[in-house]
Amino acid sequence: MSRLAIIANPISGGGRAFKRLEQHIKVWPYTDWEVELHATKCAEHAGVLARAVLDRPPDLLAVCGGDGTLHEVISSVPAPPFPVAMLPSGTANVLARELQLPLDPIQALELALKGVVRRVDLGSLRGRQQRHFLCMAGIGLDAYIAATVRPQLKQRIGVASYYVATARALLSYPFPEFHILLPGETLTVTWCLIANTHSYGGGLVFVPDADMNDGLFDVLYVQGKARMSLYRFLFSAWRGKPRLGEIAQRRRLAALKIAGPGGLWVQADGELVGSLPQEVTLSHASFPLVVPG
């Protein structure tokens, strides 16, 4: 018999997904799968639970929550001896949309039990501590937005809370400069997005052809502080056709270093993970992720 472990955030998405998952397990219909459910109790607990299951590794680990819950798991267990599946119940569900998973966690679970395993690229950030990411990391504007989203508003209106935080940030964010350090070249920028996927929260598409299996990051960076140019760029990204050249540029890289003001926030998969400086590297085809068959 195969073993399934589920790590679930009981408050993600207002708690509805967790309640449905509990009810589903009570009438568990899969006789060839033994299931165990582990509920998180506080921030960073998902990572603790992921390390704990290493003592008796399951055949499959499913993570029920948002991108932040999965981020905790992969940062604690970046090289799991079992495949990992996503059961989306968060606000943005960026990875689920990237993989074209059902946004219903029960349907996603049914798919995970018969899905296929694909080893995808894993990003790593090394600052004062090491964190890992599957979708993206950002320094500057989007990290500031992640830091200023109000938790109570997020719980009440979901992804719209990010639109509110973005509108405030576009009016007040000072766009401090920092530096992308490349061999023989230094780029002075005011925003940097390191993408491993083409999907982004809120329906934005910054790098339409990004690929989780190509061994390279798509590094999007903005230079200068021309707000009207930035508005035009963001509008084009919202339409799914980001316009490069006026204020934004893109490079494809497997590694980079970023230096700048120590108080400048860094986000990974939508979670604040520290500040500058950071070294960013990619492990090609290293993370075992369950994808639709």
Aromatic centroids of Y173 and W265 separated by under 6.0 Å: no
Close aromatic pair by centroid cut-off 6.0 Å: F178 and Y221: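 Between Y221 and F178, which both carry aromatic rings, the centre distance is not below 6.0 Å.
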Which atom names give the shortest non-hydrogen contact between [X] and [Y], and what distance separates them?
{"X": "V94", "Y": "C135", "result": "CG1-SG, 4.0 Å"}
{"X": "A62", "Y": "L87", "result": "CB-CD1, 3.8 Å"}
{"X": "V77", "Y": "P80", "result": "O-CD, 3.4 Å"}
{"X": "A108", "Y": "P102", "result": "CB-O, 3.8 Å"}
{"X": "L216", "Y": "A254", "result": "CD2-N, 3.7 Å"}
{"X": "L134", "Y": "T197", "result": "O-CG2, 3.7 Å"}

Within the 3.5 Å criterion, strictly below it, is a donor on [X] or [Y] matched to an acceptor on the partner's side chain?
{"X": "R126", "Y": "T281", "value": "yes"}
{"X": "R119", "Y": "H284", "value": "no"}
{"X": "S75", "Y": "H132", "value": "no"}
{"X": "T188", "Y": "H179", "value": "yes"}
{"X": "E36", "Y": "H38", "value": "yes"}
{"X": "E246", "Y": "S229", "value": "yes"}

Answer yes if [X] and [Y] sit in the same cluster of Ile, Leu, Val, Met, Phe, Trp and Tyr residues linked by side chain heavy atoms under 4.5 Å apart, and no otherwise.
{"X": "F82", "Y": "W33", "value": "no"}
{"X": "L95", "Y": "V291", "value": "yes"}
{"X": "I139", "Y": "L256", "value": "yes"}
{"X": "M228", "Y": "F235", "value": "yes"}
{"X": "V290", "Y": "L37", "value": "yes"}

Does the [X] side chain pair with the main chain of [Y], one donor and one acceptor, at a distance under 3.5 Å?
{"X": "E72", "Y": "A46", "value": "yes"}
{"X": "R16", "Y": "G13", "value": "yes"}
{"X": "T190", "Y": "V222", "value": "yes"}
{"X": "H24", "Y": "R20", "value": "no"}
{"X": "S76", "Y": "V73", "value": "no"}
{"X": "S12", "Y": "N9", "value": "no"}
{"X": "D32", "Y": "M1", "value": "no"}
{"X": "Q249", "Y": "L220", "value": "no"}
{"X": "N93", "Y": "A96", "value": "no"}
{"X": "Q278", "Y": "S275", "value": "yes"}

Measuring only between side-chain heavy atoms, which start at C-beta, is [X] closer than 4.5 Å to [Y]?
{"X": "V35", "Y": "I6", "answer": "yes"}
{"X": "I258", "Y": "L181", "answer": "no"}
{"X": "E185", "Y": "L187", "answer": "yes"}
{"X": "L21", "Y": "C64", "answer": "yes"}
{"X": "K19", "Y": "P10", "answer": "no"}
{"X": "P83", "Y": "F287", "answer": "no"}
{"X": "N213", "Y": "R118", "answer": "yes"}
{"X": "L122", "Y": "P78", "answer": "yes"}

Working to the nearest 0.5 angstrom, can you tell me the gap between [X] [atom1] and [Y] [atom2]?
{"X": "I106", "Y": "Q23", "atom1": "CD1", "atom2": "CD", "value": "9.0 Å"}
{"X": "T91", "Y": "Y162", "atom1": "OG1", "atom2": "OH", "value": "5.5 Å"}
{"X": "L276", "Y": "K257", "atom1": "CG", "atom2": "NZ", "value": "14.0 Å"}
{"X": "L234", "Y": "T166", "atom1": "CG", "atom2": "OG1", "value": "8.0 Å"}
{"X": "D211", "Y": "D218", "atom1": "CG", "atom2": "CG", "value": "9.0 Å"}
{"X": "E271", "Y": "L70", "atom1": "CD", "atom2": "CG", "value": "10.5 Å"}

Carboxylate-amine/guanidinium proximity below 4.0 Å for R252 and D214: yes
salt_bridge(D209, R250) N-O dist < 4.0 Å: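 Looking at D209 and R250, the cut-off is met.
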Taking atom [atom1] of [X] as the centre, does the number of heavy atoms from other residues, nucleotides or ligands within less than 6.0 Å exceed 12?
{"X": "W28", "atom1": "CH2", "value": "yes"}
{"X": "I11", "atom1": "CD1", "value": "no"}
{"X": "R243", "atom1": "CZ", "value": "no"}

Pair R131-E44, salt bridge (Lys or Arg N to Asp or Glu O under 4.0 Å): steps then yes or no: CA-CA 12 Å; R131 305 290 289 202; E44 302 296 332; 3.7 Å; yes
Worked check of side chain to side chain contact (heavy atoms under 4.5 Å, CB included) between R51 and V48: CA-CA 5 Å; R51 289 192 297 271; V48 174; 3.5 Å; yes
Criterion side chain to side chain contact (heavy atoms under 4.5 Å, CB included) on F133 and V273, from CA distance to verdict: CA-CA 10 Å; F133 62 95; V273 296; over 6 Å; no
Working for side chain to side chain contact (heavy atoms under 4.5 Å, CB included), residues D269 and M136: CA-CA 5 Å; D269 290 340; M136 89 295 285; 4.2 Å; yes
Evaluation steps, side chain to side chain contact (heavy atoms under 4.5 Å, CB included), between Y231 and L170: CA-CA 8 Å; Y231 297 158; L170 289 174; 3.7 Å; yes
